[in-house]
Amino acid sequence: MRLLRLRQSNFRNLVTAEFAPGPGLSTLVGGNAQGKTNLLEAIFLALGGELKNGMMERVRFGQGEARLLAEVETTFGSSRLETRLSQGGREVYLNESSASLRELAQLPGAVLLGPDDLELVLGAPEERRRFLDLLLSRFSARYRAILSQYNRALQQRNALLKMGGAGIGVWNQELVKYGTEILNLRRRILGKLKPLARDAYSELAPGDLGLELFETVDPAHFLQALESGLQDDLQRGVTSVGPHRDDLNILLGGLEAGKYASRGEARSITLALRLAEHRLLWAHHDEAPLLLVDEWHTELDARRRQALLNYAESLPQAILAGLEAPSTGRMIPIEAGVWG
């Protein structure tokens, strides 16, 4: 998929109204706080991506709404995607008709790699669960729906735990119904992601990257675990087992990366995970998503930088951002939200 142009208004500090990167490799170059990250995030959101934090944080101070309009080209033709961000949340449109993120996921979209992705390795388990959940949501509309149903059932069960647990059986059944499917789908997606991540890491650096699910309960024994752990849950007031408590173990050379990896290794792992995500989506859509990489040179040595550039140059379109430009591709200067 290729971004033909992005039109924006009131998105953070961005001033220029239109961005047309052209095919191949482009690099946004500018100092800190000049709008590089904001422009990449605007593109990512416009193409159906999901980011943490509230939507109003991305609306320019003093304005009530930000708008993003992306014109894209795929093997099936051109499309117009519009996103509106306001106090009320996010509205999306596909070819002028109101749509949902589920519908936008039918397009290859974009994969965004940024410095905050270090949290996938160094951060809390919820960062890694979110990575898996968002990835699965791009492949399966059903996954997005069952995850919502599971979270609703979890809230209800936790509320009953705080009130003594009367009538909790029905919510046990709901958790098992949706949670079992979540667990099985996570296993399936990880089976596809693992070899791609391992291969991507081997292109970047020496070492063996492994991914394993840490599950608090086996799907086949979920109901039994909920029932046998009820007294402990009543004391804590929360549900102690289930996919909401699971983790993705990231191993480098057999050791837990979160504890033993250097920052450079952690950066390489996150890059490998995002490149694996990109390749997985490419295979799924039979068309490459747009690759977006923020701070493309940060904490990467010459070998890793070159491996990243080799991959980016092989794509129909990729957009990097950083303090410096590579020796190939188009360089686009950006300062105070203005690019040229």
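Please read these numbers as outputs of a predicted model, since none were measured by experiment.
In the hydrophobic cluster analysis, where Ile, Leu, Val, Met, Phe, Trp and Tyr join through side-chain heavy atoms closer than 4.5 angstrom, Val72 is grouped together with Phe19. The hydrophobic cluster containing Leu273 does not contain Leu292, counting ILVMFWY residues as joined when their side-chain heavy atoms lie under 4.5 angstrom apart, directly or transitively. Linking Ile, Leu, Val, Met, Phe, Trp and Tyr whenever their side-chain heavy atoms come within less than 4.5 Å puts Leu193 and Ile269 in one cluster. Leu134 and Leu81 fall into different hydrophobic clusters, where Ile, Leu, Val, Met, Phe, Trp and Tyr are joined by side-chain heavy atoms under 4.5 Å apart, directly or via other members. A continuous path of hydrophobic side-chain contacts links Tyr311 to Val293 [ILVMFWY only; heavy atoms under 4.5 Å].
The closest side-chain heavy-atom distance from Asp246 to Arg186 is below 4.5 Å. In this structure, Leu248 and Leu120 have side chains that are not in contact, with every pair of non-hydrogen atoms separated by 4.5 Å or more. Residues Gln173 and Leu223 meet the side-chain proximity criterion, which asks for heavy atoms closer than 4.5 Å.
In this structure, Phe222 CZ and Tyr178 OH are separated by 13.5 Å, a value rounded to the nearest 0.5 Å. With rounding to the nearest 0.5 Å, the separation of CZ in Arg157 from NZ in Lys162 is 11.0 Å.
Ring geometry, Tyr150 versus His244: the interplanar angle falls from 30° to 60°, so the pair is classed tilted.
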Trace of the side-chain contact (heavy atoms from CB on, under 4.5 Å) decision for Ser78 with Glu71: CA-CA 7 Å; Ser78 59; Glu71 297 178 25; over 6 Å; no

If you apply the rule salt bridge (Lys or Arg N to Asp or Glu O under 4.0 Å), what do you find for Arg304 with Asp301, and how did you get there? CA-CA 5 Å; Arg304 292 167 169 84; Asp301 60 22; 2.5 Å; yes

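Here the options are Glu295, Glu324, Glu299, the test is salt bridge (Lys or Arg N to Asp or Glu O under 4.0 Å), and the partner is Arg305; only Glu324 passes. Of the residues Thr37, Ile43, Leu39, the one that meets the side chain to side chain contact (heavy atoms under 4.5 Å, CB included) test with Glu41 is Thr37.
Formation of a donor-acceptor pair under 3.5 Å by the Thr27 side chain with backbone atoms of Ala325 is not found in this model. At least one donor-acceptor pair under 3.5 Å links the side chain of Lys36 to the backbone N or O of Gly31. Looking only at distances, a side-chain donor or acceptor of Ser268 sits under 3.5 Å from a matching main-chain atom of Gly264. Panel note: side chain Arg330, backbone Pro21; a donor-acceptor pair is recorded below 3.5 Å. The backbone N or O of Met1 sits less than 3.5 Å from a side-chain atom of Glu287, completing a donor-acceptor pair.
Remark: Glu82 does not engage Arg80 in a salt bridge, criterion side-chain N to carboxylate O under 4.0 Å. In this structure, Asp117 does not pair ionically with Arg267, as no charged nitrogen and carboxylate oxygen lie closer than 4.0 Å. Taking 4.0 Å as the cut-off between side-chain N and carboxylate O, Asp116 and Lys52 do not count as a salt-bridged pair. Glu277 has a carboxylate O that lies under 4.0 Å from a charged side-chain N of Arg274, or vice versa, which qualifies the two as a salt bridge.
Across all their heavy atoms, Ala46 and Ala70 have their closest contact at CB-CB, 3.9 Å.
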